[in-house]
Amino acid sequence: MKRAGFANYWLPILLLLPQLTIIAVFFYWPAFNAVQSSFYLQDPFGFGSQFVGFENYADLFASKEYAKVARFTLLFTLLVTATSLATALLLAVKADKVLRGARTYKTLLMWVYAVAPPVAGLMGVMLFDQNIGSVTDLFAWFGYDYRLGVNYWDTAFAMIIVSVWIQIPVNFIFFLSGLQSIPQHVREAAMIDNPSGFGRFWQITFPLLAPTAFFLLIINITYALFDTFGIIDTLVKNNPASNPMTLVYKVFVDGFRGNDMGGSSAQSVVLMVLVLALTIFQFRLLERRIHYT
Amino acid sequence: MTDTTSTTPRAKKRFRWSAVFDHSILILGSLFMLLPVFLALTTSSHDNVEIQREGLKFWFGSDIDENFGNAMFEKGGFTKTVTGMTMLMNSFILGIGFAIGKIILSMMAAYAIVYFRFRFATFAFWMIFTTILLPLEVRILPSYEVIQSIGLTNSYTGLIVPLLASATGTFFFRQFFLSVPEELVEAARIDGAGPVKFFIDILVPLSQTMIAAIFIIMFVYGWNQYLWPTLITTDEGLFTLVRGIRQIIQAYAEGSEIPEYGQAMALALIAMLPPVAIVIFFQSWFVKGLVESDK
């Protein structure tokens, strides 16, 4: 808040009212409903509901299928985050270094930010298609029979590649802006101290980028958990049957297909706790964030 | 004449292998980003039977007008009433409506939080702040039920307004307002400007670049929405392009006849063109907004 703020009584409330109303109706009400219905067992035909306490949670944690989805989500998140961060970092370091065409490379490497995940998913469906897919042809050339939507790990592979493709631009933009904010005198001093490019990167540039990297780590985990929904939904072509899926996708499948309101709500609450943990982690990091310049 | 090249070593035409290596990596990276879309473009210029027989195409064919024409103007879907044009218009309504709504709501809220001394300031801030804990994807089922009980399914209001229930824009403007020098508001008060006048005549003009940046980010976000439109709109007249992708996938999965590959690719390209164009043309604003908003 500003020191010299206005001391009006009604105006701030009036200014906040639209935002708070929308949040109350479309955020707090459904969030409250989710928590509430996670303690109830709904009749699938709509004939009332019964309070069951923590039974939905107990069922969830005892479920083998849920454990399998959770394991896949963990692996998926790890691979997408690590691959897209590493690729983007490499590209940002090179784009920061080259003298010619830096602007062109920057544009070429960031425009995919604007492509919607399901649109990328549709292109993935075509590229990895059993009949017409070019990637499938490439696999066949190496003697591997790639089958999207049939083989569990083949589908997982396509999901990871498409998710990484979409996520590289954001990471690239942040890494590049992080690199470009390293002052010239620091760079020159580093050049004198450590003429080897590789050593210089790990000893000087990378530690300077660490705050950006930590921040991006959280962003990427959140992305892999929640924003990949469109990619997964398109790649499994509406048919999750034997395909891998993430926790968020399962909330949707159980809630809308399986009509399991209580179970789906309990999953929502579990994810809520997960996001809460991530947010607290992020703030602890931000507090300790070191500024070198 | 002295040797000028020695003072500017960069201008020296010296062949360096490391530069070749750097450029190779950047070119490979750029190709990885470009190739899928290039393939979509080339494939969209071919006949479906040909694609079915020979796979995705690496060069242009002759059916580009036909596929794009069909994607845009042919009536498709179950009811045979919507064209690509309808979906394009709906996408613009969602993208622009969401971006403008977000900017207005969050500027007002951030102004109240930063520039006013009132009792509920902290409470209001935390109420808005808490929304980042629960993305729409997580509370999707209860959100859908709320919209249904208010009777907002299949309406633009039901499509746009629930998406506005988040904190992102408010944080962005709060951060920016906090960086505006304190002297400005002091000077305005000495000159007798009230809160409304200060907001409209000083703060809004000062925020122009920020508004543009957030508009781009929010437009792309709104345009690219998928799950929410999928649930809220069952009436095809309200489908957006990205929502239309789901119909294509469904038709593709049922797959009794040869899928309309070319047309599907054409629609995918149309669905990505406006947001991609905005991000490329207003690159510097977009990058500034992105890097500063998320910190």
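Below, chains carry the letters A, B, ... as their sequence lines are ordered, and counting in each starts from 1.
With a threshold of 4.5 angstrom between heavy atoms, B:Ala188 does not approach chain A through any atom at all. Proximity to chain B involves both the backbone and the side chain of A:Val115, based on heavy atoms less than 4.5 angstrom apart. With a 4.5 angstrom heavy-atom cutoff, B:Tyr221 does not touch chain A via any of its atoms. Interface remark: B:Leu152 contributes side-chain atoms only to the contact with chain A (heavy atom separation under 4.5 Å). The contact between B:Ser149 and chain A is made entirely by side chain atoms (from C-beta outward), counting heavy-atom distances below 4.5 Å. Contact annotation for A:Ser264: only side-chain heavy atoms (C-beta onward) come within less than 4.5 Å of a heavy atom of chain B. Looking at B:Leu241, there are no atoms closer than 4.5 Å to chain A (heavy atoms on both sides), in backbone or side chain. Residue B:Thr43: no heavy atom, backbone or side chain, is found under 4.5 Å from chain A. Proximity to chain A involves both the backbone and the side chain of B:Phe32, based on heavy atoms less than 4.5 angstrom apart. Proximity to chain A is limited to the side chain of B:Glu145, based on heavy atoms less than 4.5 angstrom apart. Of the two parts of B:Leu34, the backbone and the side chain both hold a non-hydrogen atom closer than 4.5 Å to a non-hydrogen atom of chain A. Heavy atoms of A:Ile22 lying under 4.5 Å from chain B belong to its backbone as well as its side chain. Contact of A:Val251 with chain B is made through the side chain alone, with heavy-atom distances under 4.5 Å. For A:Phe32, no part sits under 4.5 Å from any heavy atom of chain B, backbone or side chain.
Annotation: maximal heavy-atom pairing with chain A below 4.5 Å, among B:Leu269, B:Val146, B:Val220, occurs at B:Val146. Interface check for chain A: of the options B:Ser143, B:Ala277, B:Gly194, the most heavy-atom pairs under 4.5 Å are formed by B:Ser143. In terms of heavy-atom pairs under 4.5 Å with chain A, the best-connected choice from B:Pro195, B:Ala268, B:Pro275 is B:Pro195. Your options are A:Pro117, A:Ala95, A:Ala24, and the one with the most heavy-atom pairs under 4.5 Å with chain B is A:Ala95. Interface summary for chain B: among A:Val275, A:Leu16, A:Thr136, A:Leu274, the most heavy-atom pairs under 4.5 angstrom belong to A:Leu16. Ranked by heavy-atom pairs shorter than 4.5 Å toward chain A, the options B:Gln52, B:Met107, B:Met127 are led by B:Met127. Chain A forms more heavy-atom pairs under 4.5 Å with one residue of B:Leu164, B:Leu231, B:Val279, B:Ile280 than with any other, namely B:Leu231. When the candidates A:Asp129, A:Leu278, A:Asn131, A:Asn33 are compared by the number of heavy-atom contacts under 4.5 Å with chain B, A:Asp129 comes out ahead. Note: B:Gly29 leads B:Ala271, B:Gly29, B:Ala167 in heavy-atom pairs under 4.5 Å with chain A.
The aromatic rings of A:Phe229 and B:Tyr226 sit tilted relative to each other, their planes meeting at an angle between 30° and 60°.
For B:Asn224, there are no side chain to side chain donor-acceptor pair (under 3.5 Å) partners, not counting sequence neighbours. Under the side chain to side chain donor-acceptor pair (under 3.5 Å) criterion, A:Thr107 pairs with B:Gln283, not counting sequence neighbours.
Of all the heavy atoms in B:Val291 and A:Phe174, the pair that sits closest is CA-CE2, 3.7 Å. Across every non-hydrogen atom of A:Pro12 and B:Ala112, the tightest pair is O-CB, 3.6 Å. Listed here is the closest heavy atom pair of A:Leu11 and B:Val196: CD2-CG2, 4.1 Å. Nearest approach of B:Ala40 to A:Met123, heavy atoms of both residues: CB-SD, 3.9 Å.
No side-chain heavy atom of A:Thr234 sits under 4.5 Å from any side-chain heavy atom of B:Ile248. Contact of the B:Pro36 side chain with the A:Leu127 side chain is registered, since non-hydrogen atoms from C-beta on lie closer than 4.5 Å. B:Ile27 has its side chain within reach of A:Tyr105: a pair of non-hydrogen atoms, C-beta onward, lies under 4.5 Å apart. A:Ile173 has its side chain within reach of B:Phe286: a pair of non-hydrogen atoms, C-beta onward, lies under 4.5 Å apart. Side-chain contact between B:Leu26 and A:Leu109: present, with at least one pair of heavy atoms (C-beta onward) separated by less than 4.5 Å. Two residues are said to be in side-chain contact when any heavy atoms from C-beta on lie closer than 4.5 Å; A:Leu17 and B:Met108 fail this criterion. Annotation: side chain of A:Val112 is not in contact with side chain of B:Val37 (no heavy-atom distance under 4.5 Å). Residues B:Ile150 and A:Val25 form a side-chain contact, since some pair of their non-hydrogen atoms from C-beta on lies under 4.5 Å apart.
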Practice problem: Go through the steps to decide whether A:Met110 and B:Val287 satisfy the test side chain to side chain contact (heavy atoms under 4.5 Å, CB included), and finish with yes or no. | Solution: CA-CA 9 Å; A:Met110 61 168 255; B:Val287 170; 4.0 Å; yes

Quiz item: What do the steps show when you test B:Thr130 against A:Ile23 for side chain to side chain contact (heavy atoms under 4.5 Å, CB included), and what is the final call?
Solution: CA-CA 10 Å; B:Thr130 313; A:Ile23 285 180; over 6 Å; no

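Note: A:Leu122 CG to B:Leu267 CG = 8.5 Å, rounded to the nearest 0.5 Å. Taken from NZ in A:Lys97 to CG in B:Asp22, the straight-line distance is 3.5 Å, to the nearest 0.5 Å. To the nearest 0.5 Å, atoms CG (B:Leu28) and NZ (A:Lys94) are separated by 12.5 Å. For the atom pair OG1 of A:Thr87 and CE of B:Met33, the computed distance is 9.5 Å after rounding to the nearest 0.5 Å. Between the CG atom of B:Leu141 and the OG atom of A:Ser268 there is a distance of 7.5 Å, given to the nearest 0.5 Å. Separating the CZ atom in B:Arg139 from the CG atom in A:Leu271 is a distance of 13.0 Å, to the nearest 0.5 Å.
Atom CZ of B:Phe38 has more than 12 heavy atoms from other residues, nucleotides or ligands within 6.0 Å. For B:Phe129, the CZ atom counts as densely surrounded, since its 6.0 Å shell holds more than 12 non-hydrogen atoms of other residues, nucleotides or ligands.
Exactly one residue among A:Phe256, A:Phe252, A:Phe26 makes a ring-ring contact (aromatic ring centres under 6.0 Å, His included) with B:Tyr144. That residue is A:Phe256.
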